[in-house]
Trainee: 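Could you have a look at this structure, given as structure tokens, before my questions?
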Number of protein chains: 2
Amino acid sequence: MSDQMTSLTKNQEMVLGALSHAKAPMSAYAILDELRSEGFRAPPQVYRALEKLVAGGLVHRLESLNAFVACSHEDCHTSGLIAFAICEQCGLVSEFSDQAVSTRLTHWIADHKFTNTKTTIEIRGDCGTCSVAG
Amino acid sequence: MSDQMTSLTKNQEMVLGALSHAKAPMSAYAILDELRSEGFRAPPQVYRALEKLVAGGLVHRLESLNAFVACSHEDCHTSGLIAFAICEQCGLVSEFSDQAVSTRLTHWIADHKFTNTKTTIEIRGDCGTCSVAG
DNA sequence: GCCGATATGTTATAGTATAACATACTATCT
DNA sequence: AGATAGTATGTTATACTATAACATATCGGC
């Protein structure tokens, strides 16, 4: 289960499938409900699959939402830090990375002798389409 | 309840007091337990106070932890975006802001016609002291 | 076939957050 | 003082999120 996940288990496939078809982030329980018809019965089945998928970079957890999205970033694995812009109206999640932001944060971390394990950047608001729609 | 909160209610005072004396972020339920001896009985009492304190900028919510800290930033209200570095060993939370990071994210937001309401930046890891201690 | 490692199934429970409704306090106006 | 409107508080119940713990099954190498 390193950077590139080679093969997925049945449950991981199903969870990733549910997230891939979703138009907005899904909570673990929303995934569970969707997969009940395929045999899922309990939260740990979902959470265990999510854990592996997140570790493998195929799924991201949105901390400010307690929800999950399939990765949509071109080359998620090679670029640095990833930021998310999340539309609170339609659920659209835009994934992006910015070299300058990564650099600055990395410098702050180094300057403060901090050992970084994970960094979260999440912008909440309304996307262009929804802003216009008001 | 604008930027500068003028006066705090009794419950807000108590919740802020608990957070101010804490050495690490506290969950709402940890605050509740600490304030039971002072008459608190139920979660809404804590959550309602937190809501106002967060809106007033006196307390920050750490999304990746589902926990809260008293604001420790010099001038939290005038500076831009705030980032948090959170030590997973000792719970130390360092609040900082970086002009370049703010600028870059603000530009991304404007370029994408996004209407920003709130941005979260949280770095998880070990602080200098704890990294050395291993 | 045996064995270890991993994946899965299942039950129960812990931890986080809010809805809904009742009561009380505070300030202002008359 | 009494009426009233707005805010704050108290309380019960419930919804939502996440994991512990244990049982069973599946896969791969020996």
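Nothing here was measured: the structure is a model prediction, and the numbers come from that model. The sequence lines fix the lettering, A, B, ..., with proteins before strands; numbering per chain opens at 1.
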Trainee: When you check the side-chain N and O atoms of A:Glu95 and A:Ser72, is any donor under 3.5 Å from an acceptor?
Mentor: yes
Trainee: Please report the distance, rounded to the nearest Å, between CD in B:Glu13 and P in D:dT9.
Mentor: 11 Å
Trainee: Quick check, are the ring centers of B:His60 and B:Phe84 under 6.0 angstrom apart?
Mentor: yes
Trainee: How many whole angstroms separate atom CD of A:Glu51 from atom C1' of C:dT6?
Mentor: 13 Å
Trainee: Is the shortest side-chain N to carboxylate O distance from B:Glu63 to B:Lys118 below 4.0 Å?
Mentor: yes
Trainee: Tell whether B:Tyr29 reaches the base of C:dA17 with its side chain through a donor-acceptor pair below 3.5 angstrom.
Mentor: yes
Trainee: Rounded to whole angstroms, how far apart are CG on A:Asn11 and C1' on C:dT8?
Mentor: 7 Å
Trainee: Return the minimal non-hydrogen interatomic distance between B:Ala28 and B:Val46, and the atom names on each side.
Mentor: O-CG1, 3.6 Å
Trainee: Given C:dT11, D:dT9, C:dT8, which nucleotide is nearest the side-chain atoms of B:Lys10?
Mentor: D:dT9
Trainee: Check every atom of C:dA17, C:dT11, D:dT17 against the side chain of B:Pro43 and return the nucleotide holding the closest atom.
Mentor: C:dA17
Trainee: Nearest whole Å is fine: how far is D:dA13 P from B:Arg41 CZ?
Mentor: 13 Å
Trainee: Whole angstroms only, please: what is the CD-P distance between B:Gln12 and C:dC25?
Mentor: 17 Å
Trainee: Tell me: CG of B:Leu8 to P of D:dT7, nearest whole Å?
Mentor: 17 Å
Trainee: Looking only at side-chain N and O atoms, does A:Gln45 come under 4.0 Å of OP1 or OP2 in C:dT8?
Mentor: no
Trainee: Give a yes/no answer on whether the side chain of B:Thr9 brings an N or O atom under 4.0 Å of OP1 or OP2 in D:dT9.
Mentor: yes
Trainee: Can you tell me if the side-chain N/O atoms of B:Lys52 get under 4.0 Å from OP1 or OP2 in D:dT7?
Mentor: no
Trainee: Quickly work out the A:Leu65 CG to C:dT16 P distance and round it to whole Å.
Mentor: 18 Å
Trainee: Any idea which of D:dA18, C:dT18, D:dT9 is nearest the A:Ala28 side chain?
Mentor: D:dA18
Trainee: Which listed nucleotide (D:dA20, C:dA17, D:dA18) is nearest to the side chain of A:Pro44?
Mentor: D:dA20
Trainee: Check this one for me: any side-chain N or O of B:Asn66 less than 4.0 Å away from OP1 or OP2 of C:dA17?
Mentor: yes
Trainee: Distance check needed: D:dT17 P versus A:Arg61 CZ, whole Å only.
Mentor: 10 Å
Trainee: If you assign each of B:Arg48 and B:Phe68 to its closest nucleotide in DNA chain C, which residue comes earlier from the 5' end?
Mentor: B:Phe68
Trainee: Could you check whether B:Glu38 pairs with B:Arg36 (Lys NZ or Arg NE/NH1/NH2 to Asp/Glu carboxylate O, under 4.0 Å)?
Mentor: no
